[in-house]
Amino acid sequence: MGATDRGLRAAVYLLRGGGLVAFPTETVYGLGADARDERAVARIYRAKGRPAQNPLIVHVPDMAAAETLIDLPAKGRVAARAFWPGPLTIVAPARARAGIADICRAGKSTLAVRIPAAPLALDLLRAFDGPLAAPSANVSGKVSPTSADHVMEELTGRIDGVIDGGDCAVGLESTILGFEGDQPVLLRPGGVTLEALEAVLGPVRALGIVENAAPDAPGQMSSHYAPGAVLRLNADAPRLGEAWLGFGPDPERGSAISRNLSLTGSLEEAATNLFAHLRMLDESLDYKGIIAVAPIPAEGLGHALNDRLTRAAAPR
Ligand code: AMP
Ligand code: MG
């Protein structure tokens with residue numbers, strides 16, 4: 001479905017009827033459902049095979065709508081003003097009687113809320129005129145989708161529609177910011193860097209950051225963002241038979257199937273390419289192939305890139 005007015009109207013019609021519609025945001029494609037409709041939200045969990053204890057992010061078009069759903073601590077409001085609309089999710093105490101289906105919170109007293117920046121996402125939210133629960137539009141545990149094709153490859157037959165808005169501008173999921181009292185806590189690194197958050201909030205405790213796992217010691221991290229292939233991180237060069245995912249100038253890589261996240265070493269460019277390149281290499285490899293991945297610097301968006309790569313490499 002194209003992003004015409006007619007397409008948007010069709011999407012709204014499907015969503016009002018309790019349907020599932022995937023839509024582009026600047027982070028990744030989301031799988032949207034009416035966040036007030038318990039049955040529609042339950043369908044998200046079924047379509048993705050998502051564990052019921054994993055709460056959803058609710059998307060709204062503006063600050064007024066966000067404040068009807070959550071009780072923002074002072075620093076939450078500061079972060080919201082600085083980064084909304086944008087790739088930041090804020091977790092804060094849920095307001096009673098906000099009308100959000102309980103299963104969005106998966107039993108927690110807090111709710112995760114975001115105002116996305118992608119124009120099509122905002123158009124859809126305004127046209128729908130209500131909150132949309134939307135996790136990434138992929139099978140749970142697999143690589144996140146950054147194009148409408150990625151969504152259709154995995155979810156055709158399980159969802160009611162996709163709005164095609166081309167490739168996602170950021171390419172990594174949102175940063176998730178929570179609070180312990182008024183103390184900001186980073187729950188997941190993502191499209192807004194820790195450095196940018198700290199510039200407006202002061203120190204932020206980083207819980208969710210995973211860096212530079214040793215190549216042969218994948219650590220305790222739970223598997224997520226996982227391709228079919230095995231990942232070998234922080235590699236100097238591909239070994240015989242491995243595929244290669246480079247960052248910056250490539251080493252001699254023989255006949256390896258390869259992709260480069262950013263030849264110039266741009267973390268922003270690497271973020272937009274990560275999930276699409278992982279999918280591409282995965283498809284080119286035989287079952288249980290290995291993708292060797294170049295080191296990514298632990299700064300800026302590199303924190304989120306390393307987090308996703310480490311989870312993608314985790315044992316499963
Ligand atoms: P996804 O929609 O797949 O990007 O995942 C959303 C993530 O947001 C979940 O995996 C949780 O880790 C996080 N999240 C959502 N709601 C909450 C909450 N109330 N408290 C803490 N984390 C949350
Ligand atoms: Mg996801």
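Read the numbers this way: they start at 1 and go in the same order the structure lists the ligands and their atoms. Note that the structure is a prediction, hence the values are computed from the model and not measured.
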(message) Please classify the Arg188 to ligand 1 contact at 4.0 Å (heavy-atom distances, strictly less than): side chain, backbone, both or neither.
(response)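 The side chain, only.
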Looking only at heavy atoms, which two atoms of [X] and [Y] are closest? And how far apart?
X: Phe275; Y: Ser144; value: CB-O, 3.4 Å
X: Leu69; Y: Pro131; value: CD1-CB, 4.4 Å
X: Val170; Y: Pro87; value: CG2-CG, 4.5 Å
X: Val28; Y: Pro145; value: CB-O, 3.2 Å
X: Leu245; Y: His277; value: CD1-CB, 3.8 Å

Considering non-hydrogen atoms of the protein only, which is the closest contact for [atom], and what is the distance?
atom: atom 19 (N) of ligand 1; value: Thr110 OG1, 3.0 Å
atom: atom 2 (O) of ligand 1; value: Pro135 CA, 3.2 Å
atom: atom 23 (C) of ligand 1; value: Pro55 CG, 3.7 Å

Residues [X] and [Y]: side-chain donor-acceptor under 3.5 angstrom:
X: Thr27; Y: Thr25; answer: yes
X: Ser147; Y: Asp149; answer: no
X: Arg188; Y: Ser174; answer: yes

(message) Tell me whether ligand 1 is touched by Lys108 - counting only heavy atoms on the residue side and a distance under 4.0 Å.
(response)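 Contact present.
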(message) If you measure every N or O of Arg50 against every N or O of ligand 1, does any of those distances drop under 3.5 Å?
(response) yes
(message) Can a donor-acceptor pair be found, under 3.5 Å and without considering hydrogens, that links the side chain of Lys75 to the backbone of Pro184?
(response) no
(message) Only heavy atoms of Ile176, strictly under 4.0 Å: list the atoms of ligand 1 that pass.
(response)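 Counting atoms of ligand 1 from 1, those under 4.0 Å from Ile176 are 7 (C), 8 (O), 13 (C).
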(request) Applying salt bridge (Lys or Arg N to Asp or Glu O under 4.0 Å), name anything that partners Arg259, two or more places apart in sequence or on another chain. (result)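 Result, salt bridge (Lys or Arg N to Asp or Glu O under 4.0 Å) vs Arg259: none returned.
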(message) Among Val58, Asn54, Ile57, which one puts a heavy atom closest to atom 12 (O) of ligand 1?
(response)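 That would be Asn54.
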(request) List nothing but the number: protein N/O/S atoms under 2.8 Å from the Mg ion (ligand 2). (result) 1
